[in-house]
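Heads up: the structure comes next, in structure tokens.
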There are 4 protein chains.
Amino acid sequence: MSPLNEEQLQVIRDERKEQIIEAALKIFARRGIIGAKLSMIATEAGISQGLLYHYFKSKDELFILLIQQAIQESIDSMKSVYQLPGSPIEKLRAFTQLDSEGQLYFMLIHQARTSDGVPEKAKQLIEQYSMESYVVDILEPLFIEGQKAGEFAPGDPRQLVSTYFTVVSALMTLNIHEDEAYQMPEVDLLLRIVTGRP
Amino acid sequence: MSPLNEEQLQVIRDERKEQIIEAALKIFARRGIIGAKLSMIATEAGISQGLLYHYFKSKDELFILLIQQAIQESIDSMKSVYQLPGSPIEKLRAFTQLDSEGQLYFMLIHQARTSDGVPEKAKQLIEQYSMESYVVDILEPLFIEGQKAGEFAPGDPRQLVSTYFTVVSALMTLNIHEDEAYQMPEVDLLLRIVTGRP
Amino acid sequence: MSPLNEEQLQVIRDERKEQIIEAALKIFARRGIIGAKLSMIATEAGISQGLLYHYFKSKDELFILLIQQAIQESIDSMKSVYQLPGSPIEKLRAFTQLDSEGQLYFMLIHQARTSDGVPEKAKQLIEQYSMESYVVDILEPLFIEGQKAGEFAPGDPRQLVSTYFTVVSALMTLNIHEDEAYQMPEVDLLLRIVTGRP
Amino acid sequence: MSPLNEEQLQVIRDERKEQIIEAALKIFARRGIIGAKLSMIATEAGISQGLLYHYFKSKDELFILLIQQAIQESIDSMKSVYQLPGSPIEKLRAFTQLDSEGQLYFMLIHQARTSDGVPEKAKQLIEQYSMESYVVDILEPLFIEGQKAGEFAPGDPRQLVSTYFTVVSALMTLNIHEDEAYQMPEVDLLLRIVTGRP
DNA sequence: CATGAATGAGAATTCATTCAT
DNA sequence: CATGAATGAATTCTCATTCAT
């Protein structure tokens, strides 16, 4: 009866899931969990609303999955800073210029942190991925290296990481629409926080 | 003839309006116009839902009023920077440490800018109050003075204002819950953007 | 304590009641029991909403009182047709040209008959005041006289009364707004139903 | 791919729309736009309230659609008078005996003309379909023919049309419930207005 | 697997009615 | 007697979720 074998079905399933996840990321990041309507996600993914429920048990489950991906991506992206070429300051400059998917993930996490209607599980995930436990640990060596090289200003490196990351995170989340009111600042001006130099 | 005279009634009305506005500011700022439920605002204000409609024609009207207040407060607060004591850098430092009501206003404007379901009139108001037309104009003299005094780094003062204001705005909006994940950075670290010094 | 004696109070009470009844008749007749808002009636009567409840227990009670008045007025007006001068046909012509308060009563009864949300008691009152038991009985002698005088067409006089009254009632209720779409017909054309003559 | 093909879906959709329209016509005609509750329409149509909104954007849109249908049906019905068999008077007699759906449409237009809360667009539609511009134009030739044949009374034919149509309209709107108080008059008595004869 | 019709719970808004003054 | 602030139940509309096909 079935014209497709198991393997082909798996391929279809994976493709569909990927479509849905991409669509959901866009919509959730821009509109938050309340503003995002399943009808929008379905339309963006090019499928019917009903089909969403073959792949995800609920809106919440889909949201939680995206949060997990966002956290994973953020961690990976931070770890990869060490693979970037150049001195610590050059690594940091490159890291600061995120691609657009990276921005979507930041916005998503921001939405999850600040909105309500966020599933409890998503909140827990984000809480675990706090500054102290991950971000600062990962980036601290880079900053210490920068201070040794005299590129970065002296002082508590963990505070420096925390401040710089908070500022960049905040700017990411602000930059939601192509909004002329707030134009993204020059990277070099931001780096002054770290370098203490003009 | 009347059991409560006009003056007493006016007092009651003003009190109620103030209660509602305060409650609405909290709720709207934290949850956005969609996430904010009138039942929450009513409960926060300690009144019934129905009474909201004696004082405001609709949720939208209430939101628009708050946006107008937020814009007015922001402008006033920026203008008042010149009344603060001390050198330009000291004025700016004091200005950066906003009170909590000021923070709510920033969040509100952020919500209005980035969310769905925002009334058209609110959008227009915010568009008028863009960086170029107000904020930069108001703060530019302070920065020029700071540069003349050698406190601020050289360079285009308008770009410096814009960058600093954007960073501070972004941090305000991030700081929504009393969230330990992101702790607010030290002001002195932020001021490095302006001073170019450690 | 009280600066007004009982008699003066009674005068005030009666005046107020009359104000309210007049206002309510206008509003109920034009908008029906559902479309009529107590706020409108209060405004039309020049009093506060709360005061309505000193004089009437509820919207329904007020409506029922008006229906009673309407029925009484209708009956009185029909009985008075015999006091009008002239031949039967002239009496009937004059009767057909109702004054505006008479029209309001007709509309009110129409509203009560056709709308819902009408209190049960009002329905019962109107049912009792049906064509057979009152209207036809009252007008039948006039029609018999007209037939004897050769002014009215022959045939069952009760059917003639019923038809003519139904047509006039229907036209009254139609004439709600000063609506140019339906202009009220000439009385003489209507009288053809009764006379059978051009 | 699709479990129900487009044709089958279209059939379902058409059926549902028809169900809803029929139910809405009954309820709106009898209770007006304010008195008609969506819950009643949904129950009468045998569906859930939510489903109404798959087929119609709002209560107003549904009402406007019905008004359009009512106007169209009225015009068609008047034009078809010329297809009826017999002399002008026989055509007019047949035309006067409307079916029950035709009556509902008359009531609906009456409701729209006299009630509150009627959408602006519905008002405009009805205004365009006024006596002068349509009804009289359409029926005038029939009346002129009747006068030539000596069946109809002499005089301004447009006034005769207008009067007769107004009376019939008024009777239609009166006859809302199966109401024994007002029994519908004999057609032959009404036709006396036109013929001027017993 | 896939569709879209169908449902029902929840949110904004209106308004008759009550109540403190 | 008189006011108008205050309440809450009822109504329209939205949308996540289910289900027949």
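No hydrogens, no waters, no symmetry mates; every other heavy atom, side chains included, goes into these values. By convention in this document, chain letters (A, B, ...) are assigned in the order of the sequence lines, proteins followed by strands, and residues within each chain are numbered from 1.
Of the side-chain N and O atoms in B:Tyr53, none sit less than 4.0 angstrom from OP1 or OP2 of E:dT14. Between E:dC1 and A:His54, a contact under 4.0 Å exists linking OP1 or OP2 to a side-chain N or O. Contact annotation: B:Lys37 does not reach the phosphate of E:dA11 (side-chain N/O to OP1 or OP2, under 4.0 Å).
None of D:Arg30, D:Lys37, D:Arg31, D:Lys26 except one satisfies the salt bridge (Lys or Arg N to Asp or Glu O under 4.0 Å) rule with D:Glu44; the exception is D:Lys26.
Look at CD1 on D:Ile34: it is 19 Å from P on F:dA10, rounded to the nearest Å. Computed from coordinates, the A:Gln49 CD to F:dA16 P distance equals 7 Å when rounded to whole Å. Rounded to an integer number of Å, the gap from CG of D:Leu9 to P of E:dG4 is 7 Å. Protein atom NZ of B:Lys17 is 14 Å distant from nucleotide atom C1' of F:dA5, rounded to whole Å. If you take CG of B:Leu52 and P of F:dA5, they are 14 Å apart, rounded to a whole angstrom. Residue B:Arg16 contributes atom CZ, which lies 14 Å from atom P of E:dA20 at whole-angstrom precision. Rounded to whole Å, atom C1' of E:dT17 lies 14 Å from atom CD1 of C:Ile41. In this structure, CE of D:Met40 is placed 11 Å from C1' of F:dA10, rounded to the nearest angstrom.
Mapping D:Ala36 and A:Ser39 onto DNA chain F by nearest heavy atom places D:Ala36 at the nucleotide closer to the 5' end. For the pair C:Lys57 and A:Arg13, nearest-nucleotide mapping onto DNA chain E gives the more 5' position to A:Arg13. Two residues, C:Leu38 and D:Gly46, neighbour DNA chain E, and the one matched to the more 5' nucleotide by heavy-atom proximity is D:Gly46.
Relative to the side chain of A:Ile12, the nucleotides F:dT3, E:dA16, E:dA2 differ in distance, and E:dA2 lies closest. The side chain of A:Ser48 has E:dT3 as its nearest neighbour among E:dT3, F:dT17, E:dA6.
Under the Watson-Crick or G-U wobble criterion, with both distances below 3.5 Å, F:dC1 has no partner in any strand shown. Pair check for F:dA6 finds E:dT17; Watson-Crick or G-U wobble, both atom distances under 3.5 Å.
Rounded to the nearest 0.5 Å, atoms CG (B:Leu104) and CD (B:Gln111) are 11.0 Å apart. We find the CD1-CD1 distance between A:Ile67 and A:Ile64 to be 9.0 Å, quoted to the nearest 0.5 Å.
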Exercise for review: Check the pair C:Leu65 / C:Gln68 against side chain to side chain contact (heavy atoms under 4.5 Å, CB included), numbers first and verdict last.
Suggested key: CA-CA 5 Å; C:Leu65 179 67; C:Gln68 285 170 329; 3.8 Å; yes
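Within 4.0 Å of B:Tyr55, counting heavy atoms only, lie sugar-phosphate atoms of the nucleic acid but no base atom.
Put simply, the side chain of D:Lys59 gets close to the backbone of D:Ala36: a donor and an acceptor are under 3.5 Å apart.
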